[in-house]
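Report on the following structure.
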Amino acid sequence: VSTLAPYLMTVSGKGGYVPGPGFAKREGFRNISLLDHLVSVARGSAVFAELDMRAAGIDDTKIHLRVALLIAVGFLHDADKILGLARTDELTPEHVEKLLERFQVGRFLEQAGVNVSAAELLSMIHAVELSRSGTLKPGMRLLSAAENADCGYVRLADRLEGLFLNSALGPTAMVAELQKFGGFRSTKNQRI
């Protein structure tokens, strides 16, 4: 068990007061800790991925590995917040490597049988965070169509979490977001 989890409980994941002009963007959201947010996105993406991949007829062994990877991506998708960086600050594979070790995410992936580099995880984090998408840094690579689609589950879980916590929106906006999401394989009969 990581002794650093309490740190994540002291940082806001959504909402919460922040000094300076950044507060205006967060003011409309109910406050939750960064740990709550990261776990919620990891869990949500895992549920969406497993249900959808099973419905699309993807092999169970592949589902297990892909869902384990998505749990890691969901947990690390806000790596900049975990590290105390701004969204505009550069993330590097070294940053991700540090987080893999610090929060034992690398150990989790190893136990799940997933072999992935910090640079590959950074590529997936960039695919989740639209403000970072389309950026390749040394060591990163373009994701396959299947990997990109898998990242869509994390992006959806993150988006739904934001809508749920937005004081002005809520369940109606969440249903609308689910209805417009075009990444479910089962509705397209895709086995990627």
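Every value quoted in this text rests on a predicted model; they were computed, and no experiment measured them.
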Would you say [Y] ends up clustered with [X] if hydrophobic residues are merged whenever their side chains have heavy atoms under 4.5 Å apart, either directly or through other cluster members?
| X | Y | result |
| --- | --- | --- |
| Val47 | Leu65 | no |
| Ile63 | Leu51 | no |
| Leu76 | Leu85 | yes |

Contact between [X] and [Y] at the side-chain level, heavy atoms closer than 4.5 Å - yes or no?
| X | Y | answer |
| --- | --- | --- |
| Glu97 | Thr92 | no |
| Phe103 | Ile82 | yes |
| Phe48 | Leu160 | yes |
| Ser45 | Ile71 | no |
| Met53 | Asp59 | no |

Just by distance, with hydrogens left out, do [X] and [Y] show a side-chain donor and acceptor under 3.5 Å apart?
| X | Y | answer |
| --- | --- | --- |
| Glu120 | Ser123 | no |
| Arg185 | Tyr153 | yes |
| His77 | His37 | yes |

Stepwise salt bridge (charged side-chain N to carboxylate O under 4.0 Å, His left out) check, Asp78 with Arg87: CA-CA 9 Å; Asp78 276 338; Arg87 181 72 69 199; 3.3 Å; yes
Review item, side-chain donor-acceptor pairs of residues 171-181, under 3.5 Å, at least two apart:
| unit_1 | atom_1 | unit_2 | atom_2 | d |
| --- | --- | --- | --- | --- |
| Glu177 | OE1 | Arg159 | NE | 3.4 |

What's the spacing between [X] [atom1] and [Y] [atom2] if we round to 0.5 Å?
| X | Y | atom1 | atom2 | answer |
| --- | --- | --- | --- | --- |
| Ile125 | Asp80 | CD1 | CG | 9.0 Å |
| Glu161 | Leu156 | CD | CG | 11.5 Å |
| Cys151 | Met124 | SG | CE | 3.5 Å |
| Glu94 | Leu99 | CD | CG | 12.0 Å |

Single hit among Leu121, Leu100, Val73 for side-chain contact (heavy atoms from CB on, under 4.5 Å) with Val105: Leu100
Stepwise, does the salt bridge (charged side-chain N to carboxylate O under 4.0 Å, His left out) test hold for Arg54 with Glu50? CA-CA 6 Å; Arg54 282 190 191 286; Glu50 182 168 358; 2.9 Å; yes
Nearest heavy atoms of Val41 and Ala157, plus distance in Å: O-CB, 3.6 Å
Of all heavy-atom pairs linking Ala127 and Leu143, the shortest is CB-CD1, 3.6 Å
Does any N or O in the side chain of Asp52 come within less than 3.5 Å of the main-chain N or O of Ala49, such that one atom is a donor and the other an acceptor?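 Not at all, since once roles are kept as given, no pair shorter than 3.5 Å links the two residues.
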Could you check Phe75 against Leu8 for side chain to side chain contact (heavy atoms under 4.5 Å, CB included), going step by step and ending with a plain yes or no? CA-CA 11 Å; Phe75 187 80; Leu8 294 176; 3.7 Å; yes
Leu83 and Leu91: side chain to side chain contact (heavy atoms under 4.5 Å, CB included), yes or no, with the steps? CA-CA 10 Å; Leu83 294 166; Leu91 278 176; 4.0 Å; yes
Test side chain to side chain contact (heavy atoms under 4.5 Å, CB included) applied to Leu34 and Met9, step by step: CA-CA 6 Å; Leu34 185 53; Met9 295 169 65; over 6 Å; no
